[in-house]
Amino acid sequence: MSERRVRVRFAPSPTGPLHIGGVRTALFNYLFAKKHGGDFLLRIEDTDQGRYVPGAEDYIQEALEWCGMKVDEGPKQGGPFAPYRQSERKELYRQYADQLLASGNAYYAFDSPEELDQARATAEEKGETFTYNAMSRCRMKNSLSLSEDDCNILLASSIHYAIRFKMPDNLDVTEVDLIRGSVTFNTSSLDDKVLFKSDGMPTYHLANVVDDHLMEISHVIRGEEWLPSMPLHVLLYRAFGWEDTMPRFTHLPLILKPVGKGKLSKRDGDKMGFPVFPLLWKDPETGDTSRGYREDGFFPDAFINMLALLGWNPGTEQEIFSMKELCEAFSLERVGHSGARFDPEKTKWYNHQYFIKKSDQELGELLLPFLKEKGITAEPAMATKVCGMVKERCNFVSEIWDQSYFLFEAPTTYDEKIVVKRWKDDVPSIMNEIAVFFETVEQWNAPEIKEPFSELVTAKGWNFGIVMNSLRLCLVGGSFGPDIFEICDLIGQAETISRIKKAIAAIKG
RNA sequence: GGUCUGUUCAUCUAAGGGUUAGGAUUCAAGAUUUUCAUUCUUGCCAUAGGGGUUCGAAUCCCCUACAGACUACCA
C-alpha cells in the first residue's frame, strides 16, 4: 500500500469563484502530489444542479493556471479516468447505490421534504434535534419500516424517493487523519445520510467516495469542514469492500477572518479592502464584481508563497519560497492544527519581496501598459530606468506610476500642506535664481548639477531645507520621490527650468 | 443542544520534558535619506485558567474556559 502511486484531487463545486481557502486546499494537494512525484487531478463536483453557476468552472481552471498549479488530469486536460465532471458521470453512480441496497447497507426513503420538515419541527418543540438514524428510521417512511409490498408499490409509482445509508448503531469508527492523528466517532451521533437524491443525482458523499475509488486517489486532502463526514466515508469504503485501497485522510485547518469570529468570508474583504478571490469575479446574475489578487497587482508566486506559509511552515526560518522550493519542502506533518487568521498586511509584504527581486527591465515591461493607459508613450529603456529609481518604494506595479508620474509629465497641482510649510515669501526669487543657475550648467547629469548647486546655496546663505523642498515641490508637486538631482537628470535641463518657472507662476497665483 | 477539532506575542509561527521561549509581519522609537519611501538598529509583546505526573512541563494527563467546524435530498 505504501508502494501506491500518490494521486490527489482537488474537487470543488462550481458554485461561484474559488475562494482563498479553496486555493490553499488546491495548493496543498498540488504540493503534496509534486513532492511525491504523483498526480494532481481536478474533479468538478457539480451534482447539485440548483447551485450551478455558469463560468465558475472556467474560473477555477483559470485560477489554478494563474497560480502555477498544473492539472495532470481534469475536465479540460482529459485523462485515463475521464470524464472528470460528476454531472457527466451521472449514470455511473446508480449501480453503486444499488450495490449498497443489495448488501443491506442502504435503503429507500420515501419521506417528502414536508414530512422531514415536520419531523424536525416536532423534535424542536421538544427541544431536541431530529436525526434520521437507527432510533428514528423505524418511524419514518422507508423500505426498512414499510412492508415489502408497500415498498414495491411506492417504487412502482411515480413518487420520488431517496436512498439513504443505513448507519450502524453504536459503532466506534476510528481513522487516522494525517495531521491530527487518530480520530474516533461513534455512529450513534451520526445520521442516515442521503446517498442518492430523488432527482437521480448522487450526493457529495456517494459520488466523492465512488470517484476517489475509481480514480485511484491515494490521499484525500480537504478542508476541516469535512472532518465530521470522515466516518461516513470510511463506512462507505467498508460497505463497498474497498477498505484495502481506501485513501488516507487529511483535514486542513480553516482560514479565519483577520479580526472577529469565524472563517474568512467575502464580506471581510469588502469591509477591509482586500480581495478574497484569486481572480476578479463578475457575478453572472447580479453583475456585481469582486476583486481578485491578480487584478489588484499581486504576483502569483507571491500570492502562493503567502498562502503556503499560512498554516504550514518548513521548520526553518526561510520565508520566501518559489513554487519549486515549496514542492520540495512541503510535508503534511508540518501543517498546523489550528485555524489561521488571514493577514492582508503580510500579503503585501510578500508582494513587496517579489517586487523588489524583479529586474528593472522586467518591471519596466510591466509598467508600459500602465503608461499607455495614462496616455503616455515611453521607450522601454525609459521605463526600465524609472523602475530602477522608484521600485524600492513600491509594492505593486500600479504604485510605480504614483511614485514616478512626474518623470513623465510636469505636475499640475502642488501639495497644499507642503506649500504652506516650505513656500515662504522669499522662495519665488530664490527659485528664479536657481533657474538662472541651471541655465549655466553645461554637463547635465546628477553629480554635475549637485556639486555647484550646493556651493550656490551655501554661498547665498539659503536654508537648505527650504530650498531643497521647494525645488522638489516645483519638480514633483509634493514631498516625495527619488533623489532630486536624479530627477533633474532624467527630465532634462529645459524641462527642469520650465517646471520651476511654471511653479513660481502657479503657486503664487 | 449534540459530535468532533483546536488554543504560544496584536498576527503567522518555531521550540515533541531541560533555551534568557526563537523568527517574520504589524506597531513604536532612533539612525540614515537635506523629501517621502527603502534600509539599519532598538523596543513593545506570548505559552488561556486550574489541577496533576516529574528533579524539571509550552511540551505528557485531567478539568474548566474560549474558539472553530459539522449537525440539508448543499458541497
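Chain letters run A, B, ... following the sequence lines, proteins first, then strands; residues in each count from 1. Worth knowing before you read on, the calculation uses all heavy atoms, side chains too, and leaves out hydrogens, waters and symmetry mates.
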Using the P atom as the point on both nucleotides, what is the distance between B:C12 and B:G68, in whole Å?
14 Å

Kindly say whether A:K257 contributes a backbone atom to a donor-acceptor pair with the side chain of A:R341 at under 3.5 angstrom?
yes

Would you mind classifying the nucleic acid contact of A:R51 as base, sugar-phosphate or nothing, using non-hydrogen atoms under 4.0 angstrom?
base

Once you round it to whole Å, what is the distance between P of B:U35 and CG of A:L473?
15 Å

Do the side chain of A:N469 and the main chain of A:R472 share a donor and acceptor less than 3.5 angstrom apart?
no

Calculate the interatomic distance between A:M306 atom CE and B:U13 atom P; express it in whole Å.
13 Å

Under 4.0 Å between any heavy atoms, over every strand shown, what does A:D483 touch: base, sugar-phosphate, or nothing? Just pick one.
base

Under 3.5 Å on both distances, the Watson-Crick or G-U partner of B:U71
B:G1

Would you say B:A75 has OP1 or OP2 under 4.0 Å from some side-chain N or O of A:T47?
yes

Which residue, A:K263 or A:E392, contacts RNA chain B at a nucleotide closer to its 5' end, judged by nearest heavy atom?
A:E392

Rounded to the nearest 0.5 angstrom, the OG-CD1 distance for A:S198 and A:I159 is 10.0 Å

In whole Å, I'd like the distance from the OH atom of A:Y132 to the P atom of B:U3.
24 Å

Of B:C73, B:A75, B:U11, the nucleotide closest to the side chain of A:Y204 is B:A75

Does the ring of A:F299 carry A:K358 above it, NZ/CZ under 6.0 angstrom from centre and within 45° of its axis?
yes

Considering only B:U5, B:C12, B:C73, which nucleotide approaches the side chain of A:V183 most closely?
B:U5

Can you tell me which nucleotide in B:G6, B:U11, B:C73 comes closest to the side chain of A:S338?
B:G6

Under a 3.5 Å cut-off for both contacts, is B:C55 paired Watson-Crick or G-U wobble with anything, and if yes, with which nucleotide?
B:G18

Please report the distance separating the C1' of B:U8 from the corresponding atom of B:A48, rounded so that it comes out in whole Å.
10 Å

Once hydrogens and angles are ignored, does a donor-acceptor distance under 3.5 Å link the base of B:C12 to the side chain of A:R341?
no

Is any side-chain N or O of A:K197 closer than 4.0 Å to OP1 or OP2 of B:A75?
yes

Checking contacts here: which listed nucleotide (B:U71, B:U5, B:U35) is nearest the side-chain heavy atoms of A:E224?
B:U5

Between C1' on B:U11 and CH2 on A:W349, what's the gap in Å once rounded to a whole number?
14 Å

How long is the line joining CE of A:M167 and C1' of B:U3, in whole Å?
12 Å

Heavy atoms under 4.0 Å, any strand shown: does A:D177 hit a base, just sugar-phosphate, or nothing?
nothing

B:U13 versus B:A58 - spacing of their C1' atoms, nearest Å:
14 Å

Determine the interatomic distance between C1' on B:C40 and the same-named atom on B:C60; round to the nearest Å.
44 Å

Can you tell me the pairing partner of B:A65 across any strand shown, Watson-Crick or G-U wobble, with both distances under 3.5 angstrom?
B:U7

Is there a side-chain contact (heavy atoms from CB on, under 4.5 Å) between A:V335 and A:T250? Walk through the geometry before answering.
CA-CA 10 Å; A:V335 175; A:T250 302; over 6 Å; no

Find the distance between OG1 (A:T131) and CE (A:M167) and round it off to the nearest 0.5 Å.
11.5 Å

Exercise: do A:T184 and A:D172 side chains pair donor with acceptor under 3.5 Å
no

Classify A:P231 by what it touches in the nucleic acid, base, sugar-phosphate, or nothing, heavy-atom distance under 4.0 Å.
nothing

Rounded to the nearest angstrom, tell me the gap between atom NZ in A:K346 and atom P in B:U13.
10 Å

NA contact type, A:A162, heavy-atom cut-off 4.0 Å: base, sugar-phosphate, or nothing?
base

A:E317 or A:R472, whichever maps to the more 5' nucleotide of RNA chain B
A:E317

Does B:U35 have its OP1 or OP2 closer than 4.0 Å to a side-chain nitrogen or oxygen of A:R422?
no

Report which part of the nucleic acid A:G50 touches: base, sugar-phosphate, or nothing (heavy-atom distance under 4.0 Å, all strands).
nothing

Rounded to the nearest Å, what distance is computed from the CD1 atom of residue A:I255 to the C1' atom of nucleotide B:G6?
16 Å

Counting any heavy atom closer than 4.0 Å, what does A:T15 reach on the DNA or RNA strands: base, sugar-phosphate only, or nothing?
nothing

Which is it for B:G16, anti or syn, if anything within 90° of zero counts as syn?
syn

Which part of the nucleic acid does A:G481 contact within heavy-atom distance under 4.0 Å: base, sugar-phosphate only, or nothing?
base

Let's see if you can work this out: which of B:C12, B:U5, B:G68 has an atom nearest to the side-chain heavy atoms of A:K261?
B:G68

Span that lies between the P atom of B:A29 and that of B:A37, in whole angstrom
12 Å

Looking only at B:A72, B:G23, B:A75, the nucleotide nearest the A:E45 side chain is B:A75

With no hydrogens and no angle check, just 3.5 Å: does a side-chain donor-acceptor pair link A:D211 and A:Y84?
no

Please round to the nearest 0.5 Å and tell me the distance separating atom OH of A:Y354 and atom CZ of A:F298.
13.5 Å

With respect to the phosphate group of B:A14, does any side-chain polar atom (N or O) of A:N313 fall under 4.0 Å of OP1 or OP2?
yes

With respect to the phosphate group of B:C73, does any side-chain polar atom (N or O) of A:R120 fall under 4.0 Å of OP1 or OP2?
yes

Would you indicate what A:G315 reaches in the nucleic acid, counting non-hydrogen atoms under 4.0 angstrom: base, sugar-phosphate, or nothing?
nothing

Give the rounded distance in Å between these two atoms: CZ of A:F321 and C1' of B:A24.
12 Å

If I pick the P atom on B:G16 and the same atom on B:U38, what distance separates them, to the nearest angstrom?
36 Å

Between B:U35, B:U5, B:C73, which nucleotide has the shortest distance from any of its atoms to the side chain of A:L227?
B:U5

So that I know where these two stand, are A:F28 and A:W312 an aromatic pair - ring centroids less than 6.0 Å apart?
no

Per atom distances to the A:E345 side chain, the nearest of B:C70, B:C73, B:U25 is B:U25

Taking only the C1' atom of each, what is the distance from B:G50 to B:A57 in whole angstrom?
15 Å

Using purine N1 to pyrimidine N3 plus N6-O4 or O6-N4 for Watson-Crick, or N1-O2 and O6-N3 for G-U wobble, both under 3.5 Å, which nucleotide pairs with B:A37?
none

Could you work out the separation of B:U59 and B:U47 based on their C1' atoms and round it to a whole Å?
10 Å

State which of B:U7, B:A75, B:A15 makes the closest approach to the side chain of A:R334.
B:A15

Closest to the A:L116 side chain, choosing from B:C73, B:G6, B:A24
B:C73

